[in-house]
Amino acid sequence: MPFQINRIFADNYKLTLIAWLSGILMGLAYLTLSGYALLIFLVISLLIVTIFKKMEYGFYLIILFIAVERIFLHIHWKDINYLVLPHIYFVLLTSLAYFLTMPPRDSDKKKELSSISIILILIILYQAISILWTESLSLGIILVLSIITNFFLFNLTSAVITDEKSLRITTKVIVAISLIVATGVILSQWLDYEENLRLNKYLIIKLAFGEISDRPAGFGGPAHESGFLILPIFLLAGNVVASKKFSGNIASLLVMTYLIIAVILTASRGALIGMIGGFFILFLIHPFAKSNFIRNSVLFIFLVSLAILIAKPTYIDRILVGFGYTGQLYFSGEGATYTANYDESEHGISGMEQRKYWWKTALYEMADKPFKLILGLGAGGFITTTTAIGTHSVPFSFFFDMGLIGIIIFMFLVIVLYKKCSFYIKNGTRTYCYYVFVVSVIAFVGDVGIHGLIDYDLNYYPSKMFWFPLGYVCALLNIMKSENPQLEG
């Protein structure tokens, strides 16, 4: 028996070492922590064991906490005042579990994302170098670590979603989480909750649920919650247009409608425009929908307009103001006007005007120092220059962080993605994975490509809304390549 036990330890030395360390840490925690801190530590320890037992569970928790983001770890130490999002813990834990427990992948699979991975690694290296000239060294280092964590998230997505079975499971998980998100958005119109759990004098866990700036948000920011819902909406839309079963079609349609109502309630202009643009693309290129493009487009616009009028008519005024309208606002109360009574944000100006102010401020800084126009403001440079929470634009993130060099890198990434996606959309074998791939690419274009023009970031906390969808699309590119070996050569 002793020999067999030693043999087990020898064959599983990594997990054994982790078990020993976990036991030591739990003992120390029991002796030194109390109250909330001990409870949280025990929960995290249980999650660690679960993730190391089955790495995919960690990935599903990542997806959950990408959406359920209002659980911050607030770090306050000397001049550092930083909020750590919950999904970051699980990205790091699941990455560790993956590297320690997963067998080596075949050499062929390692090459599947090489062209995109090279571009992403180049971005990370440039961001790391840019801390040499950024305004705040500490913030620059934090954001470089953030973008490295995002790269882990990108690779984990491709590591978990490898075939039809894993894709089906992940699709169900995303749709299930989207129902939680949508329900949270709807309930936040009436429910509000906020709590600070102090662990020690440096660490506070902040919990929140409710509206933000009078906009239903639920478990996260309005723009992020609506952006997260775009992918499951198109996954369900693909099922609606392709399903031959009436019951399955109706179920998907009802859930999709529920999610669209939640998007409307958040009053996110970017998400709405991205969703509408995505549906036009869906009706134009999807094999089961393109034959009725005009009918589908007109019907969709009618139904969305009707939903807005019923669920949130003030959304119409918000959209008009975003495009520069300054006259009477017909849906925001009697006699309301943009210049007099309309208060879209805490500053009394529209979100787009605020963004333009930030962008102009950063651009003036780059114009005053021409080398920054070429090299960029560096990691965190935009934030320190404008005091904004990120750039609120994926393309501008590349430009303001990395200058004209960043624009070149961004264009390379767009071109590579376009060539790969369009190739398989045109030539791929019509399988389940193919149809999921098509609607996922459309969702990526709608959310990241359109919504991302006026939201999200490359390395600050909204950056998860860029890196996860990118990893999801690239995972499907991997599957497309494995399902279509006849196209390689």
Side-chain angles (χ1 to χ4, degrees), residues 46-68 86-87 90-91 93-99 101-103 105-106 109 112-113 152-183 228-243 245 247-249 251-252 254-256 258-259 424 428-444 447 464-465 467-484:
L46 179 62
L47 290 174
I48 290 174
V49 172
T50 303
I51 291 169
F52 274 84
K53 182 68 175 177
K54 191 171 179 62
M55 184 265 293
E56 289 81 358
Y57 292 158
F59 177 68
Y60 303 145
L61 283 171
I62 292 170
I63 300 175
L64 173 64
F65 285 107
I66 284 175
V68 181
H87 78 281
F90 295 103
V91 170
L93 284 173
T94 309
S95 297
L96 180 62
Y98 173 68
F99 288 120
T101 62
M102 293 294 288
R105 298 179 67 183
D106 296 335
K109 290 186 178 180
E112 288 171 352
L113 291 179
F152 289 162
L153 171 60
F154 170 85
N155 283 289
L156 278 174
T157 308
S158 298
V160 172
I161 306 173
T162 57
D163 52 24
E164 180 178 332
K165 180 181 178 181
S166 57
L167 179 59
R168 286 182 181 273
I169 295 173
T170 304
T171 299
K172 292 176 182 177
V173 168
I174 291 174
V175 172
I177 293 173
S178 71
L179 287 171
I180 297 173
V181 171
T183 302
F228 179 87
L229 293 174
I230 298 298
L231 176 58
I233 284 172
F234 280 96
L235 291 174
L236 291 164
N239 191 57
V240 168
V241 298
S243 177
K245 294 182 179 179
S247 58
N249 199 314
S252 297
L254 290 174
V255 175
M256 183 182 70
Y258 186 70
L259 302 186
Y424 285 111
T429 304
R430 271 50 174 175
T431 62
Y432 168 83
C433 295
Y434 170 83
Y435 293 115
V436 175
F437 170 68
V438 170
V439 295
S440 299
V441 170
I442 294 170
F444 182 82
D447 186 38
K464 59 184 180 173
M465 305 303 295
W467 287 86
F468 172 65
L470 179 64
Y472 188 80
V473 168
C474 289
L476 286 166
L477 280 171
N478 266 354
I479 296 176
M480 287 294 97
K481 185 174 182 178
S482 64
E483 285 193 347
N484 297 274

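Ser482 places a side-chain N or O within 3.5 Å of a backbone atom of Ile479 that can act as its donor or acceptor partner.
With sequence neighbours excluded, the residues forming a side chain to side chain donor-acceptor pair (under 3.5 Å) with Asn484 are Thr429, Gln486, listed by chain and number. For Tyr60, there are no side chain to side chain donor-acceptor pair (under 3.5 Å) partners at least two apart in sequence or on another chain.
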For the pair Thr162 and Asn478, evaluate side-chain contact (heavy atoms from CB on, under 4.5 Å) and give the outcome as yes or no after the intermediate values. CA-CA 7 Å; Thr162 57; Asn478 266 354; over 6 Å; no
> Is there a side-chain contact (heavy atoms from CB on, under 4.5 Å) between Ile63 and Thr170 once you walk through the steps?
Replying inline: CA-CA 9 Å; Ile63 300 175; Thr170 304; 4.2 Å; yes
Take Thr183 and Tyr258 through the test side chain to side chain donor-acceptor pair (under 3.5 Å) and record every step on the way to the result. CA-CA 9 Å; Thr183 302; Tyr258 186 70; 2.9 Å; yes
* Evaluate side-chain contact (heavy atoms from CB on, under 4.5 Å) for Val173 paired with Phe59, printing each intermediate quantity in order. => CA-CA 10 Å; Val173 168; Phe59 177 68; over 6 Å; no
Item to check | Working for side-chain contact (heavy atoms from CB on, under 4.5 Å), residues Ser440 and Phe234 | outcome: CA-CA 7 Å; Ser440 299; Phe234 280 96; over 6 Å; no
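Distance check: Ile442 CD1 to Phe437 CZ gives 10.0 Å after rounding to the nearest 0.5 Å. Atom CG of Leu231 and atom CE of Met465 lie 9.5 Å apart (nearest 0.5 Å). In this structure, CE in Met480 is found 5.5 Å from SG in Cys433, a value given to the nearest 0.5 Å. With rounding to the nearest 0.5 angstrom, the CD1 atom of Ile169 is 10.5 Å from the CD1 atom of Ile161. Distance check, rounded to the nearest 0.5 Å: CG of Leu259 to CD1 of Ile233 gives 5.0 Å. We find the CD-CG distance between Glu483 and Leu476 to be 9.5 Å, quoted to the nearest 0.5 Å.
Remark: the Ser166 side chain and the Asp163 side chain contain an N/O donor-acceptor pair separated by less than 3.5 Å.
Counting only heavy atoms from C-beta outward, the side chains of Ile62 and Leu156 approach each other to under 4.5 Å. In this structure the side chain of Val439 never reaches within 4.5 angstrom of the side chain of Phe444, judged on heavy atoms. Annotation: side chain of Val255 is in contact with side chain of Leu179 (closest heavy-atom distance under 4.5 Å). By the 4.5 Å heavy-atom criterion applied to side chains, Glu164 and Thr431 are not counted as neighbours. The side-chain heavy atoms of Tyr472 and Val441, taken from C-beta on, include no pair separated by under 4.5 Å.
Scanning all heavy atoms of the two residues, the minimum distance from Glu56 to Val160 falls at CG-CG1, 3.9 Å. Of all the heavy atoms in Phe154 and Cys474, the pair that sits closest is CE1-SG, 3.7 Å. In this structure, Tyr424 and Tyr434 approach most closely via the heavy-atom pair O-CE1, 3.3 Å. Taking each heavy atom of Leu229 and Ala182 in turn, the nearest pair found is CD2-N, 4.4 Å. Across all non-hydrogen atoms, the minimal contact from Phe468 to Thr157 is CD1-OG1, 3.9 Å. Looking at every heavy atom in both residues, Met256 comes nearest to Leu236 through N-CD1, 3.8 Å.
Among Val91, Leu470, Thr94, the one residue that satisfies the side-chain contact (heavy atoms from CB on, under 4.5 Å) test with Leu153 is Val91.
The side-chain tip of Arg430 does not point at the ring of Tyr435 from less than 6.0 angstrom away and within 45° of straight on.
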